[in-house]
Colleague: 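Handing you a structure now.
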Amino acid sequence: MNKKKLLENVIHGVFLILGLITVGCVLLITVYLVISGIPAIREIGLFKFLFGKKWESSAAEPSFGILPFILTSIYGTAGAIVIGVPIGFFTAVYLAKMAPKRIKAVMEAAVSLLAGIPSVVYGLVGMLILVPGIRKLFKIPDGASLLAAIIVLAIMILPSIIKVSITALEAVPKEYEEASLSLGATPVETYFKVSVPAAKSGIATAVVLGVGRAIGEAMAVMMVSGNVPNMPSLFGSVRFLTTAVAGEMSYSSGLQQQALFSIALVLFLFIMLINATLNFFLKRDKEK
Amino acid sequence: MSNIMTAENLCLWYGNTQALKSVNIEIPEKSITALIGPSGCGKSTFLKTLNRMNDLIPGVKITGDVSYNGTNIFDPSVDVNELRRDVGMVFQKPNPFPMSIYDNIAYGPRTHGIKNKAKLDDIVEKALRDAAIWDEVKDRLKKNALGLSGGQQQRLCIARALAVKPKVLLMDEPTSALDPISTSRIEELALQLKDEYTIIIVTHNMQQSVRISDNTAFFLLGELVEWGNTERLFSQPNDKRTEDYITGRFG
Ligand SMILES: Nc1ncnc2c1ncn2[C@@H]1O[C@H](COP(=O)(O)OP(=O)(O)O)[C@@H](O)[C@H]1O
Ligand SMILES: [Mg+2]
């Protein structure tokens, strides 16, 4: 009896330790980012750092303003959401409610595949097709631009938006839809007036997940956005928060390197904010 | 009294299993017809055929005729949404939408194009009054309907069905999930509603059928064994199987 209890306790402890590994990693990363991100901000000045429009990290008289990166990340993500959410949302409604079984199976497999493609491949295809396409279509000297990044991001966030929305839509009780149909509403009216409102928290979650994925993406956008620290414009080359860190890290030192950590800290705060939003939706869902 | 709905040689298959076997019945206008019979005998199936809710189930095949006001409801020219508007339905399990009480009732009229606020207010109040639930909810029309009790939810669903002004109301065991007090309220309500509406109600409770229905139809294994005046059917059944069922010898 005692032996058994001892074993129970040991197993309990082991599991606790395994669980603490995750928590430990999060804590470690957070603490490390804060500690290594703050010195540069102190030296440069918070206001100058966040709202400075010029990033010239290796100039003789360097200037570390990351407003171009912040705005690029925000515009890029917003653009991806504006394009990706409607496409993803209507696809999800179609697949969850209207599509014939076989079409649904094929399209869902395609969506899963899309989710599994590594981001470097998105970047590659974007570089070889999208960038020259934009250059020719809009007759600009270089197609590597915010627009190219937005399109790539929009495609990249589609799978999570579609999948999470489908799950939410399929969880809507059939009784609601039957009630609507029995009142003389058409199927399409029923989906949009009853099913979608009933699934709205899930769909909101899908959108927030998409935001998180878009803002954290580095590789693909680095390959198609030109990677120049301009203030963002749709057809101009731009640099994102993620790519700002990744691009210069390998050869940076001193204040420049510290500033890169500060950028990472800003990105981290953005993602924390998104997670908090996500938790808000999930919690509200549970309470219902 | 004229017949508002009739079924002729109605057969229905779910895939290869036949659930309705040549059903013939007439439903007189402004009366209550009760459908009784053991579980799985096809009562719900028959009911759902009358407003074509079976269309939603894949693999359903139907032969024979059902007519509503003289037109065959399976005719390609029939708009199924119009039909369902005229032939409303109340389900076994109360299924209010997860919206406010007001929006639940206004859902049907809005769907059919009524936007005027004052008009909607009138429709909502009348429907709730007709369903005998107005006094209980008039002070919380903006509250979520899921906060109501089961019996209230079911009367709300009746009100929701009434709000689109149907001619026929199909009710599939509307009291089976309710307590005795809620049940008797719904029975009283059905008796009031028959002045204006034709009601077809599935019940597995024979007393309920006796209490409220004018006509009763007895189903067994997909067959409509017999139907007719409720008093007559329970006192002098024509068929041996009906007699066995109502005297409790099986089912
Ligand atoms: N969607 C369905 N698919 C296949 N078979 C069904 C379906 N609905 C009902 N059935 C079958 O049809 C028969 C009649 O069912 P139902 O009409 O629900 O009976 P009742 O309402 O009298 O209990 C049963 O044998 C049942 O198993
Ligand atoms: Mg049934």
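In the text below, chain A, chain B and the rest are named by the order of the sequence lines, each starting its count at 1. Predicted, not measured: the structure shown is a model, and the values here were computed from it.
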Colleague: Of all the heavy-atom pairs spanning A:Ser182 and B:Asn51, show the shortest one and how long it is.
Modeller: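 Result for this residue pair: CB-ND2, 4.3 Å.
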Colleague: Could you check whether any side-chain N or O of B:His112 sits under 3.5 Å from a backbone N or O of A:Ala185, counting only pairs where one atom can act as donor and the other as acceptor?
Modeller: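 Flag not set: sc B:His112 to bb A:Ala185 has no pair under 3.5 Å.
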Colleague: Given the options B:Thr111, B:Val164, B:Val80, which has more heavy-atom pairs under 4.5 Å with chain A than any of the others?
Modeller: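 Counting heavy-atom pairs under 4.5 Å, the top option is B:Thr111.
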Colleague: Quick check on B:Arg52 against chain A: is it the side chain, the backbone, both or neither that has a heavy atom closer than 4.5 Å?
Modeller: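 The answer is neither part of B:Arg52.
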Colleague: Do the non-hydrogen side-chain atoms of A:Pro197 and B:Phe97 ever get within less than 4.5 Å of each other?
Modeller: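 Of all side-chain heavy-atom pairs linking B:Phe97 with A:Pro197, none is under 4.5 Å.
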Colleague: Would you find a donor on one side and an acceptor on the other, under 3.5 Å apart, between the side chain of B:Asn95 and the backbone of A:Tyr176?
Modeller: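 Not at all, since once roles are kept as given, no pair shorter than 3.5 Å links the two residues.
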Colleague: If we only count heavy atoms from C-beta on, is the A:Leu183 to B:Arg84 side-chain gap below 4.5 Å?
Modeller: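 Answer no - side chains too far apart.
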Colleague: Counting neighbours of OH on A:Tyr75 that are heavy atoms of other residues, nucleotides or ligands and sit closer than 6.0 Å, is the number greater than 12?
Modeller: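 Not more than 12 within 6.0 Å, no.
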Colleague: Using non-hydrogen atoms and a 4.5 Å limit, figure out which bit of B:Lys48 sits close to chain A: side chain, backbone, both or neither.
Modeller: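 Looking at B:Lys48, nothing touches chain A.
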Colleague: Give the minimum heavy-atom separation between A:Glu189 and B:Tyr107, together with the two atoms involved.
Modeller: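 That would be O-OH, 4.1 Å.
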Colleague: Using non-hydrogen atoms and a 4.5 Å limit, figure out which bit of A:Glu177 sits close to chain B: side chain, backbone, both or neither.
Modeller: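 Neither part.
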Colleague: For B:Pro58, is it the side chain, the backbone, both or neither that has a heavy atom under 4.5 Å from a heavy atom of chain A?
Modeller: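 No part of it gets close to chain A.
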Colleague: For atom NZ of B:Lys194, is the number of surrounding heavy atoms from other residues, nucleotides or ligands below 6.0 Å larger than 12?
Modeller: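 Yes, enclosed.
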Colleague: Non-hydrogen atoms of chain A under 4.5 Å away: do they reach the side chain of B:Leu146, the backbone, both or neither?
Modeller: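 When you check distances to chain A, only side chain atoms of B:Leu146 fall under 4.5 Å.
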Colleague: Within a reach of under 6.0 Å around NZ of B:Lys138, are more than 12 heavy atoms found that belong to other residues, nucleotides or ligands?
Modeller: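 Atom NZ in B:Lys138 is crowded, with more than 12 foreign heavy atoms closer than 6.0 Å.
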Colleague: Do B:Phe91 and A:Glu175 have side chains that get closer than 4.5 Å, going by heavy atoms?
Modeller: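 They are not in side-chain contact.
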Colleague: Counting only heavy atoms closer than 4.5 Å, note whether B:Met53 contacts chain A via side chain, backbone, both or neither.
Modeller: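 Just the side chain, heavy atoms under 4.5 Å.
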Colleague: Heavy-atom count check: over 12 atoms from other residues, nucleotides or ligands less than 6.0 Å from A:Met98 CE?
Modeller: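 Yes, CE of A:Met98 has more than 12 neighbouring heavy atoms, counting only those of other groups under 6.0 Å.
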Colleague: Does B:Asn16, at its CG atom, have more than 12 non-hydrogen atoms belonging to other residues, nucleotides or ligands within less than 6.0 Å?
Modeller: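 No, CG of B:Asn16 has 12 or fewer neighbouring heavy atoms, counting only those of other groups under 6.0 Å.
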Colleague: Is it the case that more than 12 heavy atoms not belonging to B:Lys142 sit under 6.0 Å from its NZ atom?
Modeller: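 Atom NZ in B:Lys142 is crowded, with more than 12 foreign heavy atoms closer than 6.0 Å.
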Colleague: So for B:Leu56, is it side chain, backbone, both, or neither that comes closer than 4.5 Å to the heavy atoms of chain A?
Modeller: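 For B:Leu56, the contact with chain A is made by the side chain alone.
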